[in-house]
Amino acid sequence: PEPGRPARKLAPAVALEVSDSGEGMEQDVLSRVFEPFFTTKPKGKGTGLGLSVVFGIVKQSGGDIQVESGKGRGTTFTIRLPAVPGVKPLPQVKPAVGSAAGPGRGETVLLAEDDKRVRSICRSILASHGYTVLAASSGEEALALAGRHDGLIHLLVTDIVMPGLSGREAANRLLAARPGTRVLYISGYTGDDLGVADTSAAGRGFLAKPFTREAFLVKVRALLDAQAPAGRT
């Protein structure tokens with residue numbers, strides 16, 4: 001502080017620091033690390049959206065994120081979020097039978113998600129709540145699974161941005177053959193950001209990442225219970 005002036009009181013914050021001991025990043029990469037669609041991975045191996053989504057979530061929460069790195073000395077991310085005094089953790093409440101997030105009734109859900117961890121979590125949530133799940137790591141694989149599946153496909157849950165065939169294009173191709181299938185788009189970006197104008201159309205919906213188990217199940221159940229477009233599912 002300047003002489004004669006009191007030190008500025010900083011708002012309470014919570015800091016989260018994550019470090020690794022990897023190769024680190026040079027300045028040209030470091031300067032673009034939060035840029036949407038920027039990636040150093042080979043073509044088809046990454047979307048470049050992970051860190052940009054984290055950046056957006058932190059900023060929308062009133063926080064700040066910084067990164068320090070150097071070639072050969074690893075990388076450290078520091079996230080600071082505003083502290084909220086006196087807040088106690090909310091108790092976990094299991095959705096009751098008959099609630100908006102009620103259990104599945106054996107409906108078949110085709111899941112297309114290139115992130116292995118997200119795909120595993122979504123598959124586990126759906127399977128544990130009574131849904132039959134066909135899981136794919138890409139749009140192309142999802143269409144191949146649908147082509148080999150003789151029964152109904154009630155709902156497609158798909159990430160929008162994936163290497164190769166996008167979720168939107170995969171949905172359009174699936175609906176051309178199975179027009180009665182409902183579609184739930186999931187993404188770290190909003191539908192408007194990605195130009196997805198059909199998320200509010202009949203039988204379609206959008207859920208922003210990150211989402212809770214309850215929010216996911218509610219959205220799935222709402223789409224399945226809504227009247228679907230006529231046609232083969």
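Keep in mind that what you see is a predicted model, and the values were worked out from it rather than measured. Numbering starts at 1 and runs along the sequence shown.
The shortest heavy-atom contact between L145 and A136 is CD1-CB, 3.8 Å. Closest non-hydrogen pair, P82 versus S61, comes out as CD-O, 3.5 Å.
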Is there a side chain to side chain contact (heavy atoms under 4.5 Å, CB included) between I65 and T78? Walk through the geometry before answering.
CA-CA 6 Å; I65 180 169; T78 303; over 6 Å; no

K219 vs I186, side chain to side chain contact (heavy atoms under 4.5 Å, CB included): CA-CA, chis, key distance, verdict
CA-CA 11 Å; K219 200 73 174 183; I186 56 176; over 6 Å; no

Give the intermediate values and the outcome of side chain to side chain contact (heavy atoms under 4.5 Å, CB included) for residues L110 and V157.
CA-CA 6 Å; L110 177 59; V157 176; over 6 Å; no

Check step by step if side chain to side chain contact (heavy atoms under 4.5 Å, CB included) holds for R221 and H129.
CA-CA 11 Å; R221 190 69 262 160; H129 283 76; over 6 Å; no

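Annotation: ring-ring contact (aromatic ring centres under 6.0 Å, His included) contacts of F216 (sequence neighbours excluded): F211. For R105, the salt bridge (Lys or Arg N to Asp or Glu O under 4.0 Å) criterion is met by D225, not counting sequence neighbours.
Listed by first then second residue, pairs satisfying ring pair (Phe, Tyr, Trp, His ring centres under 6.0 Å) with a partner in residues 47-67 read F34-F55, not counting sequence neighbours.
Between S187 and F206, the closest side-chain pair of non-hydrogen atoms falls below 4.5 Å. Residues L207 and L184 form a side-chain contact, since some pair of their non-hydrogen atoms from C-beta on lies under 4.5 Å apart. Side-chain contact check for R80 versus V14: every heavy-atom pair is 4.5 Å or farther apart. Inter-residue side-chain proximity for M25 and T75 is flagged as met; some heavy-atom pair is nearer than 4.5 Å. Side-chain contact check for L152 versus T108: every heavy-atom pair is 4.5 Å or farther apart. In this structure the side chain of L143 reaches within 4.5 angstrom of the side chain of L174, judged on heavy atoms. Side-chain contact between V53 and I57 is present, with at least one heavy-atom pair separated by less than 4.5 Å. Residues D64 and K59 are in side-chain contact: their nearest non-hydrogen atoms beyond the backbone lie under 4.5 Å apart.
Contact check on D114 versus R119 returns no salt bridge, with no Lys/Arg side-chain nitrogen under 4.0 Å from an Asp/Glu carboxylate oxygen.
One hydrophobic cluster, built from ILVMFWY side chains closer than 4.5 Å, cannot hold both L51 and I160; they sit in different ones. A single hydrophobic cluster is seen to contain both L165 and F37, as judged by linkage of ILVMFWY side chains at heavy-atom distances under 4.5 Å, directly or through other members. Under the 4.5 Å side-chain heavy-atom criterion for grouping Ile, Leu, Val, Met, Phe, Trp and Tyr, V161 is not connected to F38 through any hydrophobic cluster. The hydrophobic clustering, which links ILVMFWY residues whose side-chain heavy atoms are closer than 4.5 Å, places I125 and V118 apart.
For the atom pair CG of L217 and CG of L126, the computed distance is 7.0 Å after rounding to the nearest 0.5 Å. With rounding to the nearest 0.5 Å, the separation of CG in L30 from NZ in K71 is 12.0 Å.
Here the side chain of H154 pairs no donor or acceptor atom with the backbone of E107 at under 3.5 angstrom. Checking side-chain atoms of E141 against main-chain N and O of S137 turns up a donor-acceptor pair under 3.5 Å. Between the side chain of E140 and the backbone N or O of G164, no donor-acceptor pair lies under 3.5 Å. With S128 contributing its side chain and S124 its backbone, the two residues share a donor-acceptor pair below 3.5 Å. The main-chain N or O of D28 is never found under 3.5 Å from a side-chain atom of E26 such that the two would form a donor-acceptor pair. Within the 3.5 Å criterion, the main-chain N or O of G205 finds no donor-acceptor partner in the side chain of R182. Side-chain N or O atoms of T181 include one that pairs as donor or acceptor with a backbone N or O of I153 at under 3.5 Å. Under the 3.5 Å distance criterion, the side-chain polar atoms of R73 are matched with a main-chain donor or acceptor of S69. A donor-acceptor contact shorter than 3.5 Å is absent between the side chain of D159 and the backbone of M162.
Surrounding CD of E68 are at most 12 heavy atoms belonging to other residues, nucleotides or ligands under 6.0 Å away. Within a 6.0 Å sphere centred on CD of E23, other residues, nucleotides and ligands contribute 12 heavy atoms or fewer.
R168 and Y185 form no side-chain donor-acceptor contact under 3.5 Å, judged by distance and modelled atom types alone. Side chains of R123 and Y131: a donor-acceptor N/O pair is absent below 3.5 angstrom, by distance only.
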